[in-house]
Amino acid sequence: MPRCVTKQNTSMWQAAEYIKVIKLKICRNMSYRKYWNELVDIHGARCYYCHKEPATTIDHVIPYDWDEDNNFNNLVPSCNLCNRLASDMVFEDVEQKRRYILTQRRKRSNQIVICTECLIPYTYRVHCPTMFICAECYDIEYGTEYSKSNVWKTWISQLSAAGIPIEAHRKVREKLLKIKNITIDVKVETLIDEYAFIFNNDPNFARMLIYS
Ligand SMILES: [Zn+2]
Ligand SMILES: [Zn+2]
């Protein structure tokens with residue numbers, strides 16, 4: 001501590017100490033980066049865990065904060081997502097960690113989402129490669145044929161069997177396709193109108209269906 005301690009220079013001193021600690025941490029944490037080329041030589045340029053995405057980071061199999069192990073044997077090349085999924089959890093071995101990460105990835109990829117264009121619910125990656133628009137809207141936008149797949153047709157018939165009037169969603173898409181900058185609220189209101197039209201012009205019933 002400086003000899004003459006005032007309120008102001010105390011906080012400056014603390015800030016300086018803090019910066020020193022951060023610098024130390026950064027230096028310590030970065031020392032393992034020298035292994036990058038060697039790791040890629042051994043494990044390949046793809047992520048060690050998912051084998052799908054290109055590796056862009058180095059993962060500590062046993063998290064660094066656990067025992068500060070920056071040794072080569074504790075490192076694998078990993079994609080950003082896999083690296084984050086296990087965060088600082090500790091596993092028996094690297095295979096157990098890999099299984100955990102793959103399960104988490106699978107859970108994520110089976111998320112049900114709502115199309116932002118026509119509001120049809122669908123399963124991300126199973127039905128369509130994006131989280132934002134469904135197979136039908138995707139096909140319109142990009143000229144693909146996801147909506148002709150059996151998996152999509154089966155899904156649509158399941159939704160219909162569950163009482164979801166798919167035609168109403170398609171009408172919403174048709175009506176709003178050419179109009180730019182429509183808020184999701186307007187889309188939902190348009191969908192309520194379409195539902196109401198199908199269900200005996202009862203907007204309250206339509207509203208209840210959509211919000212339940
Ligand atoms: Zn990965
Ligand atoms: Zn859609």
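Read the numbers this way: they start at 1 and go in the same order the structure lists the ligands and their atoms. The residues of the chain are indexed from 1 along the displayed sequence. Fair warning: this is a prediction, and the values are worked out from it, not measured in the lab.
- In this structure, Glu95 places its CD atom where more than 12 heavy-atom neighbours from other residues, nucleotides or ligands lie under 6.0 Å away.
- At a cut-off of 2.8 Å, His169 does not coordinate the Zn ion (ligand 2) through any N, O or S atom.
- The SG atom of Cys79 and the SG atom of Cys82 meet at the Zn ion (ligand 1) at an angle of about 100°, given to 10°.
- With 2.8 Å as the limit, His51 does not count as an N, O or S neighbour of the Zn ion (ligand 1).
- Checked for salt-bridge contact, Arg170 and Glu167 meet the test: a charged N lies under 4.0 Å from a carboxylate O.
- Angle SG(Cys47) to the Zn ion (ligand 1) to SG(Cys50), rounded to 10°: 100°.
- No more than 12 heavy atoms of other residues, nucleotides or ligands shown are found within 6.0 angstrom of CZ on Phe132.
- Using modelled atom types, one finds a donor on one side chain and an acceptor on the other under 3.5 Å when comparing Asp69 with Asn71.
- The SG atom of Cys137, the Zn ion (ligand 2) and the SG atom of Cys118 define an angle of 110° (nearest 10 degrees).
- In this structure, the side chains of Glu117 and Val172 stay at 4.5 Å or more apart for every pair of heavy atoms.
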